[in-house]
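Sequential numbering from 1 along the given sequence is applied to the chain's residues.
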Amino acid sequence: MLMTMCFSLSAQSEQKNENFISKTVKALKKHFDEGVLQGFDTTYIGIPKHPFLGCISANFAGITSTVIGTSVPTYGDVNINMKSSLAAQTKFNLSYQGTSVGYSIDFLHGYNSNFSFSYIDKAWGVEYNRHSTDGVHGTMTSSTKGSSLYVDKGDINVKTTLVTGYVILNNKKFCLSTTMYPAYIQKRSAGSVLLVGGYISSAITTDNTQLIQRLGNIKKIEVTQGTVGIGYGYNYAIDRGKILLHASAIPMLVIHNNNLITLDYTAQLSDGTYYTTEIMKRIDTDKKVFFTGIFRCSASYNIGERYVLRLAGVLNDIRFSSTSGLTVKTRDWYGSAMLGVRF
């Protein structure tokens with residue numbers, strides 16, 4: 001009898017301890033969740049029941065680039081049209097209510113490197129994207145030459161770096177991060193004006209002798225721009241966020257240009273030998289102000305409380321034209337298909 005009473009008292013004590021620990025954990029979680037949602041209108045924005053999200057996604061990226069030169073000695077007007085081989089990566093990602101880490105594995109080897117990072121808070125955010133590829137290929141035509149010159153993979157390297165900062169004006173009802181990783185749930189449809197500032201860098205480089213000659217000894221073209229813009233993003237929520245469609249368009253004004261070309265210069269010395277060097281030259285744009293832009297779209301589908309499917313895509317536009325007749329247009333894009341599991 002005494003032993004039975006001891007076991008009963010011990011069980012009650014353990015149950016009280018478990019209840020205390022369980023209540024403490026629940027209270028801390030509730031406090032943290034309330035902190036995460038602080039500043040949001042909770043009729044529009046919510047958080048999922050399971051805070052962790054593990055994802056696997058297939059990411060694809062590409063670059064198309066056009067270089068136009070006018071009145072190039074011997075070759076007249078020159079036009080190079082290029083597109084990259086498709087680059088694909090498998091990305092593993094782990095998110096916890098706004099904090100996200102990921103690791104990518106390249107399996108098609110289209111790019112030398114492809115790195116991206118983003119952090120989107122309630123009222124602001126920043127994105128970093130860097131692509132580099134030797135996989136561009138296409139054709140080069142000349143107004144004075146009858147045949148086209150084929151640009152093979154490895155002849156030209158294209159690198160682009162984009163850093164974009166966002167300010168979200170309607171940050172109580174509109175959540176931009178739901179379009180990148182579903183840390184929050186957009187329960188009702190809402191939109192927001194987006195203020196954007198950006199840094200854009202693009203470099204096109206070749207060591208192909210024929211290409212260098214046809215471009216008037218140009219070996220490298222570097223475009224660096226500072227941009228500001230104002231755009232609009234909209235989240236269309238269906239069934240309290242079970243399905244979320246997003247689209248945003250941001251025209252951007254280029255307010256800073258620093259564009260350089262590197263010339264491959266060869267001269268014959270008095271002893272008959274040849275001396276080769278590289279000369280870097282700044283080129284002026286033919287317009288002080290011109291436009292570029294960013295377009296983004298995505299579709300997310302929540303399957304129950306645990307699973308998420310998402311398709312997303314981003315297009316960046318980079319361009320300039322010089323007073324000497326050199327024009328460069330580059331479009332940098334990437335897309336992803338994601339499966340996520342909440343836990």
Side-chain angles (χ1 to χ4, degrees), residues 22 25-26 28-30 32-61 86-108 116-122 125 127 168 170-192 233-248 295-315 333-343:
S22 177
V25 170
K26 288 180 180 179
L28 289 173
K29 184 180 183 301
K30 182 180 178 182
F32 184 79
D33 289 348
E34 288 174 351
V36 169
L37 286 171
Q38 188 175 4
F40 282 126
D41 183 338
T42 55
T43 60
Y44 284 81
I45 307 295
I47 55 175
K49 180 179 178 181
H50 304 284
F52 286 94
L53 178 67
C55 305
I56 181 172
S57 60
N59 294 350
F60 301 89
L86 185 65
Q89 293 180 331
T90 300
K91 184 176 183 180
F92 301 94
N93 201 85
L94 178 65
S95 300
Y96 180 73
Q97 293 184 346
T99 302
S100 179
V101 293
Y103 178 73
S104 298
I105 299 173
D106 185 359
F107 62 85
L108 284 186
S116 63
F117 168 80
S118 65
Y119 175 79
I120 307 295
D121 201 3
K122 298 178 183 71
E127 281 187 290
I168 305 156
N170 186 20
N171 52 70
K172 291 183 181 295
K173 298 180 179 180
F174 174 84
C175 186
L176 185 61
S177 68
T178 56
T179 68
M180 300 175 187
Y181 46 88
Y184 299 91
I185 296 174
Q186 182 86 46
K187 297 188 292 185
R188 297 178 63 181
S189 301
S192 177
Y234 191 79
N235 288 341
Y236 181 66
I238 302 172
D239 195 11
R240 293 186 61 79
K242 184 176 182 179
I243 299 174
L244 182 67
L245 306 178
H246 168 81
S248 57
F295 176 75
R296 182 192 304 275
C297 63
S298 66
S300 301
Y301 179 57
N302 290 278
I303 305 172
E305 296 179 341
R306 289 193 175 272
Y307 302 101
V308 185
L309 298 176
R310 188 191 65 181
L311 299 173
V314 178
L315 173 66
W333 64 268
Y334 65 91
S336 67
M338 183 204 81
L339 169 64
V341 181
R342 301 187 192 276
F343 59 96

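Judged by distance alone, the side chain of Ser336 and the main-chain N or O of Ala58 form no donor-acceptor pair under 3.5 Å. The closest donor-acceptor contact from the side chain of Gln186 to the backbone of Cys175 lies under 3.5 Å. Put simply, the side chain of Arg342 never gets that close to the backbone of Tyr307: no donor and acceptor are under 3.5 Å apart.
Looking at Ile168 and Lys122, their side chains never come closer than 4.5 Å, going by heavy atoms from C-beta outward. Here the side chains of Ser192 and Asn171 are not in contact, with every heavy-atom distance at 4.5 Å or above. Side chains of Val308 and Tyr301 form no contact here, defined as non-hydrogen atoms less than 4.5 Å apart. Taking the side chain as every heavy atom from C-beta outward, Leu309 and Met338 never approach each other to under 4.5 Å. Leu94 places none of its side-chain heavy atoms less than 4.5 Å from the side chain of Leu53.
Put simply, CZ on Arg240 and CD1 on Ile185 are 9.5 Å apart, with the number rounded to the nearest 0.5 Å. If you take NE2 on His50 and CD on Glu305, they are separated by 5.0 Å, rounding to the nearest 0.5 Å. Asn235 CG to Tyr184 OH: the interatomic distance, rounded to the nearest 0.5 Å, is 14.0 Å. Rounding to the nearest 0.5 Å places CZ of Phe295 at 7.0 Å from OG of Ser248. Atom CG of residue Asp239 and atom CG of residue Asn302 lie 10.0 Å apart, to the nearest 0.5 angstrom. Atom OG of residue Ser298 and atom CG of residue Leu311 lie 9.0 Å apart, to the nearest 0.5 angstrom.
Taking the side chain to side chain donor-acceptor pair (under 3.5 Å) definition, one finds that Ser57 meets it with Asn59, sequence neighbours left out. Qualifying side chain to side chain donor-acceptor pair (under 3.5 Å) partners for Arg296, counting only residues two or more places apart in sequence or in other chains: Glu127, Tyr166. With sequence neighbours left out, Lys173 forms a side chain to side chain contact (heavy atoms under 4.5 Å, CB included) with Asp41, Tyr44, Asn170, Ala190.
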Checking Tyr236 against Leu244 for the side-chain contact (heavy atoms from CB on, under 4.5 Å) test, could you report, in this order, the C-alpha distance in whole Å, the side-chain angles of both residues, the deciding distance, and whether it holds? CA-CA 6 Å; Tyr236 181 66; Leu244 182 67; 5.8 Å; no
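Annotation for Tyr234: atom OH counts as buried by contact number, over 12 foreign heavy atoms lying within 6.0 Å.
Taking the six-membered ring for Trp and thresholds of 30 and 60 degrees, His246 and Phe174 have ring planes inclined between 30 and 60 degrees apart.
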